[in-house]
J.: 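Dropping a structure here in structure tokens format, bear with me for questions.
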Amino acid sequence: MNNFAKSLLALWGELGLNQRVSLIVAFLAVLGGLLAVVLWSRRPDYQLLYARMSEKDAAAVISHLQTLNVAHQITSGGSAVMVPSDQVYKLRMDLASKGLPSGDGVGFEIFDKGQFGLSDFVQRTNYLRAIQGELARTITQLQGVRTARVMIVQPENRLLLTDQGVKPSASVFVDVGGTRLEPEQVNAIRHLVANAVQGLQTDAVAVIDNRGHVLSEELKQDPALGTASSQMRYKQQVEDYLSKKVESMLAAVIGPGNAVVRVSAEIETEAMTSTQEKYDPEGQVVRSQTITEDVTNSAEQRAAGGAVGVSANLPEKAGAAEPAARPSSTSEQNRKNRTTSYEINRITTNTTRNPGTVKNLSAAVFIAPRPAVVATAVAGATPVAPTPAPKRTAEEMTALRQIVLNALGLKVAPGQSIDSLVSLQEVAFQSVERLPAQIEAIQAESRWMGWTEAASRWAAVGLAVVIFGFFLRLLAKQKPEPVPVEVLSLAPTALGRSLASGGGKVTPEMLNNLIRNKPANIGATLRDWVATPAVNSKN
């Protein structure tokens, strides 16, 4: 290394002024080019954040990026923003939480300014546009939805309607990128639009994604099936809850992941109302009692009378003696009536049974065998193979089956076997690969893309280093051309002898003459003067 440095210094000393200047300029140019390549390779890779934004949304997004001090570029006339590739998804989530961009739809702000002289048709059209814009903004807030557009069709309001069957309908277009919306999200969009428009039914709302899939087709209710989908969903929820309940309990005993539980539930799907009346003759009580009493008294008496006929009316017969009085008769009658009403004890029971009652349950349980016993290896001894663990006994399996039975709240009827309710088996579980082939392929592709990106960044730097090394190698091999020196009319040897005769000293007069006559060769002349005494001394 020292010899190389000395050779470079010697080479530098042999170069002339023009060569030194050219070498310095070339070195600075190469250094500047190398620095520019390094800076260019370290420049961040920009990717598209949002495109086709309105001026309001673009201004809001750029203002937020400036607040976060994030480098960005504005393209497409101000409607698109580019940011570093490693911050695209983070910034999108951050902007989405801020509600940016809000979209191009027009909301109810269209009515902020008073507009007089508009027709009723224009007012209804603006109202429809406002509803569509507000719904699109709301749907965009859902997770996984980038943009949304809503189109609502309402029948024309006429006094005389020719077609009474025309009803409003709506279509929703959502841009979800490369993902897919869940059925619950699609159903939420349908109900959101249907409840925002008067008279719009849920089944009249069509939801379409950016890949051309009709997402709402599978969610339409079939009148023939009724609420079959809700019944199946309720059954699935019940079975999942009971399965997790038993599985979590077994995991604490035999270890996590060593039990698989599946529960089958029979759900009552019909509503029933029953009324039952019961009478108890033994429990009769007196309700009412009526007593009626009648008393009748009667008396009969006849008065005294004369002779019958004409002779009784004659005067001379008036003084005659009166006949004896006749006897009288008397009668008395008593009657009593009693009526008693009894009330029989009656029990009325009204029973209403709603759908959703669990009628029957059955469970299937798989448990893994006990893990193999690994003996402790002694230093220097031969490794001992794991010893298989003994299988669970019949008593242990019965105890586990009874635990599952109690956890589900099942009761064994007389004459019924417990195996018909809970099936419990001990089987060996298959090992699951931690990294499937698809995940490995994706990771390999990601690594290859990372290496390619790193190679593209450092390729320019490596090329610049190679060029600079090649230039230094050429410079080391280059030898300076001899410069002819003409000092007055004296040859170098004669000048050397004159210097030797003068004691090897250069007089001021001699230097003045050299500088005045040959100023360009003063450096080479001085080197000859210095080298001549050394040669003479060797001789």
Side-chain angles (χ1 to χ4, degrees), residues 50-54 56-57 60-61 89 92-112 121-157 165-234 236-237:
Y50 286 113
R52 292 181 296 177
M53 293 187 297
S54 62
K56 180 180 179 181
D57 290 339
V61 170
Y89 301 105
R92 283 179 180 175
M93 291 186 291
D94 190 11
L95 291 172
S97 64
K98 303 294 183 181
L100 298 174
S102 60
D104 298 332
V106 180
F108 280 105
E109 65 271 7
I110 194 174
F111 298 106
D112 291 344
F121 174 77
V122 176
Q123 290 287 0
R124 286 189 286 107
T125 303
N126 290 339
Y127 177 73
L128 191 61
R129 289 179 59 195
I131 291 181
Q132 293 177 165
E134 294 293 339
L135 288 174
R137 293 176 181 177
T138 306
I139 295 173
T140 308
Q141 302 301 319
L142 295 177
Q143 183 179 3
V145 179
R146 294 183 178 179
T147 57
R149 294 192 64 184
V150 181
M151 286 73 72
I152 300 174
V153 179
Q154 286 186 332
E156 188 175 355
N157 188 12
V166 178
K167 296 182 180 180
S169 60
S171 300
V172 181
F173 174 81
V174 291
D175 183 5
V176 295
T179 60
R180 184 178 179 85
L181 293 180
E182 297 294 333
E184 291 79 7
Q185 294 177 305
V186 178
N187 203 24
I189 293 175
R190 295 170 65 238
H191 282 82
L192 174 66
V193 177
N195 291 318
V197 181
Q198 183 179 5
L200 181 60
Q201 300 295 328
T202 306
D203 290 341
V205 180
V207 182
I208 304 172
D209 64 359
N210 57 325
R211 294 180 294 179
H213 296 162
V214 182
L215 305 179
S216 59
E217 188 65 25
E218 300 178 355
L219 300 176
K220 290 185 178 180
Q221 295 288 343
D222 190 353
L225 297 178
T227 58
S229 60
S230 60
Q231 293 175 0
M232 292 298 296
R233 187 163 49 251
Y234 174 73
Q236 183 180 3
Q237 292 175 356

J.: Who passes salt bridge (Lys or Arg N to Asp or Glu O under 4.0 Å) against R211, sequence neighbours left out?
T.: D209
J.: Working to the nearest 0.5 angstrom, can you tell me the gap between T202 OG1 and L192 CG?
T.: 11.0 Å
J.: Would you say CD of Q201 has more than 12 non-hydrogen atoms from neighbouring residues, nucleotides or ligands within 6.0 angstrom?
T.: no
J.: Quick one, V207 and F173 - any side-chain contact, counting heavy atoms below 4.5 Å?
T.: no
J.: Return the CZ to OG distance between R149 and S171, rounded to the nearest 0.5 Å.
T.: 11.5 Å
J.: Hey, what do you get for NE2 (H213) to CZ (R180), rounding to the nearest 0.5 Å?
T.: 6.5 Å
J.: What pairs with E217 under side chain to side chain contact (heavy atoms under 4.5 Å, CB included), at least two apart in sequence or on another chain?
T.: V214, K220
J.: Charged N to carboxylate O below 4.0 Å: is that the case for D203 and R190?
T.: yes
J.: What closest approach, in Å, do A148 and A136 show between heavy atoms, and which atom pair accounts for it?
T.: O-CB, 3.4 Å
J.: Kindly determine whether V172 and I139 satisfy side-chain contact (heavy atoms from CB on, under 4.5 Å), including the steps that lead there.
T.: CA-CA 9 Å; V172 181; I139 295 173; 3.8 Å; yes
J.: Name all residues meeting the side chain to side chain contact (heavy atoms under 4.5 Å, CB included) criterion together with T179; count only those two or more places apart in sequence or in a different chain, and write none if there are none.
T.: V176
J.: Step by step, would you call L181 with V174 a side-chain contact (heavy atoms from CB on, under 4.5 Å)?
T.: CA-CA 10 Å; L181 293 180; V174 291; 4.1 Å; yes
J.: Working to the nearest 0.5 angstrom, can you tell me the gap between I189 CD1 and L135 CG?
T.: 10.5 Å
J.: What is the minimum heavy-atom distance between G199 and P168, and which atoms define it?
T.: O-CG, 3.4 Å
J.: Can you tell me how far apart CD1 (I152) and OG (S169) are? Round to the nearest 0.5 Å.
T.: 9.5 Å
J.: Pick one: which of Q185, H191, E184 meets side-chain hydrogen bond (donor to acceptor under 3.5 Å, both in side chains) with N187?
T.: H191
J.: About how many Å separate CD of Q143 and CE of M93, when rounded to the nearest 0.5 Å?
T.: 10.5 Å
J.: Does the side-chain contact (heavy atoms from CB on, under 4.5 Å) test come out yes or no for V193 and L200, once each step is laid out?
T.: CA-CA 8 Å; V193 177; L200 181 60; 3.9 Å; yes
